[in-house]
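Heads up, the thing below is written out as structure tokens.
As the structure is a prediction and not an experimental result, all values here were calculated from the model.
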Amino acid sequence: MNQTIKREDIEIKIKRQEGPNSPARWETFSLKYRPGMNVISCLMEIRKKPQTKEGMKTTPVCWEQNCLEEVCGACTMVINGRVRQSCTALVDKLEHPLRIEPMSKFPLVRDLVVNRSSMFESLKKVKAWVPVDGTYDLGPGPRMSPKEAQYRYELSKCMTCGCCLEACPQYNPQSAFIGPAAISQAVLFNAHPTGKRNASERTRSLMVSGGAQDCGNAQNCVQVCPQNIPLTQSIAEMNRDITKELFGFLKE
Amino acid sequence: MAEVSLKKKVIVVGGGLAGLMAVIKLAEAGYHVDLFSIVPVKRSHSACAQGGMNAAVNTKGEGDSPQIHFEETLYGGDYLANQALVKGMCEKAPHYIDMLDRMGVPFNRTPEGLLDFRRFGGTKFHRTAFSGATTGQQLLYALDEQVRRFEVEGKVRKFEGWEFLSTIMDDKQVCRGIVAMNLNNMEVQAFKSGAVILATGGCGLIYGRSTNSVACTGSAAGAVYQQGVHYANGEFIQVHPTAIPGKDKNRLMSESARGDGGRVWTYKNGERWYFLEEMYPDYGNLVPRDIATRAIFKVCREMNLGIDGEDQVYLDVSHLPHDFLMERLGGILHIYEKFVGEDPTKVPMKIFPSVHYSMGGIYIDQNHMTNVQGLLAAGECDYQYHGANRLGANSLLSCFYGGEVSAKTAGEYLSGLEGDVDAEVSKLAGQQVKKEQDANERLLTLRGKENPYVIWEEMADWMTKNVTVVRNNKDLEKTEQKLKELQERYKQVNVSDVSEWMNQPLQFTRQLGNMISIAQAIVKGALLRNESRGSHYKPEFPKRDDKNFLKTTLASYTPEGPVITYEEVDTSLVKPKERKY
């Protein structure tokens, strides 16, 4: 880490795959080093001249991107074995040659692009919204202390980027586990004075198989979350709510 | 969803704040909405807005009011904005803050638990509600969540990963739906609707590196412009004073850094020179963006006083308390640290102006309808509200108001539709799909020698050099010629991928063609506007010229290049005065 040696050329190995059913292959690219490069600017260079290190013509690499400042969550990849946003992956701070792969826990679309729609579906399952009456002029929202607002703000930064799911040993195509992101969102809305009113629905949606109790407490999620969201704390919070809900449920 | 009559159906293109606001208002009013977006809507560019959203609520006893907000917005925009819509927007602003508060946006709070407001440029009032320094992200998420709820209820269908290509228009130039391309399997399909609202954002990518997200190509605006929709005030491009230059993009350092006490300086004669405070003692670091940007250009380019002799000055928050900074500006300070590797709470940030926002855009009337019936526009892609220069924290506001007004107009328009609309449209749809399929086919089989990304880079370099802060007619003429050359070379493009599965170069090449057409409208508008107003500054014509140019520029597409005409600006509410900060 933290090597700032100037390089003549940088070498990048990229895992390529034409489509979901095509075989994967690795291609190596060689680029002229420029100060301040990140992984995205490398991919942008390659598409201007799509040619491998060996001089073979190839196609530009497909990848997802949008904001390039780590607030949109689009450009998640596995870089040198670690899942992260590629916009903040600075070439100067990475070991060389660079190894870039798509996330492995989601269906592959092409090259570095995967399909994360299951994450948005999970947000539907946990009802991740405040059920407002409408957008008409209904006056201000409930008062909240700066501390409560700050707590919710930290959870509300989740970009649905997928890093936590990629790193989670419990989350894989064979398991039903919903993963840390959606659980933390349920906690976020359960903590809102209006959202609280249907907290029980959210909590119950996570009491099923694949819910919060499938967490194996590996704590990888907090390690990789680019927004530093206290995901394990959220999961603990939800497990507490589930216990309470369970007692309430038994009373019924 | 069963087949819905076109009289009850609206298509919204773009899932940023303006698009989502329109979707919510339409769904609430009982319309069925199909929402199209290139990216999952939660990843839209609205997420990049940092500092906050204006609403004159006067909670700090300063005497602020929507009327003052309205007048300052006009003054900040050098009176080029039509006034009635701006007034409506400023009056509605406090309501939107309440609405977002109820939706659960984690706004920063006062000790009493009320919403806190910070200062922004072009005003002396605390008028800006905020969520740390990632307000846009938080507002976007709030609307995204509400739309997801409507999606579950079956009132909204989302088409994420689809690119808008063109509108379906009948022979009377009435819009009857859209043609879009699935970005996975590259299939081109028609989608019919009674009305279409474009909320497709800005066009910063025309300048290559800007503060904009990669999706902000202006391609949709370029496509409808070529179909006969006017493009208005294109020459008014906002260059934000404080950004971190980068290889892939420039990253914004929010105006809120100065609103919360940050200072801009450089060295002069070995001492710190707070040049904005000296040049503009009244507003200091919070002069509007066009003015701050010109000052930084003057310091770096004319006086050669940039830090280390380069194009950069300091934006300094290091004198402010650490906890205060983290709570209010943590979002952007982390961005700086991640990309530059220095801690801005300890050392001053090095910044330089960057292309940021387009005041100009698709021409719409006072109800957000374009000159094509049934086609509306809202958000950054339209041209209303901000005149010749946008005030900070007014963009989010204009998304909400524009989204609401366009949804209302679309509804009224649909109830006035007569005849069997559904039957008419099918044939037209087929023709437009064929046209777009042919365009794809042509690009894929060209095998020319021009790389689209190289053409883009050349356009961006020329636009950035000649059509940003300081503009000269000679350079604008040369840029006009250069764009013609690029347009010719575009005809010899090599897409470099012939795949029918997620062909991103094909997608980009299509966008590029539309970007060139908008660039031409920007340059032509700039060339013909021989005055200086807001962001448009010509040393050859240093004064504002109301007699000749208190007018909206209207560009109409022809294959030979844009034709420019002018329209009077509505100044019925506030009489223009000289703009002097």
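Only the backbone of B/F107 has a heavy atom closer than 4.5 Å to any heavy atom of chain A. Using a 4.5 Å cut-off between heavy atoms, A/A74 contacts chain B through both its backbone and its side chain. No part of A/P193 comes within reach of chain B, as not one of its non-hydrogen atoms sits under 4.5 angstrom from that chain. Only the side chain of B/Y141 has a heavy atom closer than 4.5 Å to any heavy atom of chain A.
When atom types are taken as modelled, the side chain of B/E145 and the backbone of A/A128 share no donor-acceptor pair closer than 3.5 angstrom. A donor-acceptor pair is defined here as one N or O able to donate and one able to accept, closer than 3.5 Å; such a pair exists between the side chain of B/N451 and the backbone of A/K48. Side-chain atoms of A/N66 come within 3.5 Å of backbone N or O of B/A215 as a donor-acceptor pair. Side-chain atoms of B/R43 never come within 3.5 Å of backbone atoms of A/Q65 as a donor-acceptor pair (strictly under, hydrogens ignored). A donor-acceptor pair under 3.5 Å is formed between the side chain of B/D101 and the backbone N or O of A/G141. A/R110 contributes a side-chain N or O that, together with a main-chain N or O of B/W501, makes up a donor-acceptor pair within less than 3.5 Å. For the pair B/E28 (side chain) and A/T135 (backbone), a donor-acceptor distance under 3.5 Å is present.
The structure places CE of A/M144 at 14.5 Å from CD of B/E112, a figure rounded to the nearest 0.5 Å. Distance check: B/N184 CG to A/N115 CG gives 7.5 Å after rounding to the nearest 0.5 Å. In this structure, CD on A/E69 lies 10.0 Å from CG on B/N250, to the nearest 0.5 angstrom. Taken to the nearest 0.5 Å, the SG atom of A/C67 stands 6.0 Å off from the NZ atom of B/K249. Here the CD-CD distance, from A/E64 to B/Q504, works out to 8.0 Å after rounding to the nearest 0.5 Å. Interatomic distance, B/S499 OG to A/E18 CD, rounded to the nearest 0.5 Å: 6.5 Å.
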Just do the side chain to side chain contact (heavy atoms under 4.5 Å, CB included) check on A/S145 and B/R109 with the steps written out, would you? CA-CA 7 Å; A/S145 71; B/R109 304 260 165 180; over 6 Å; no
Do A/R143 and B/L114 pass the side chain to side chain contact (heavy atoms under 4.5 Å, CB included) test, and can you show the C-alpha distance, the side-chain angles, and the key distance before you say yes or no? CA-CA 6 Å; A/R143 284 199 190 187; B/L114 298 167; 3.5 Å; yes
Evaluate the side chain to side chain contact (heavy atoms under 4.5 Å, CB included) criterion for residues B/D98 and A/L138: first the C-alpha distance (whole Å), next the side-chain angles of each, then the deciding distance (0.1 Å), finally the verdict. CA-CA 8 Å; B/D98 282 348; A/L138 299 171; over 6 Å; no
So A/E45 and B/Y453, side chain to side chain contact (heavy atoms under 4.5 Å, CB included) or not? Walk me through it. CA-CA 9 Å; A/E45 279 300 308; B/Y453 298 102; over 6 Å; no
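When the heavy atoms of residues 146-157 of chain A are compared with those of chain B, the residues falling under 4.5 Å are A/P146, A/A149, A/Q150, A/R152, A/Y153, A/S156, A/K157, listed by number.
Side-chain contact between A/L68 and B/R251: present, with at least one pair of heavy atoms (C-beta onward) separated by less than 4.5 Å. Side-chain contact check for B/S496 versus A/P60: some heavy-atom pair is nearer than 4.5 Å.
Looking at A/T88 and B/K338, their side chains never bring a donor and an acceptor atom within 3.5 Å of each other.
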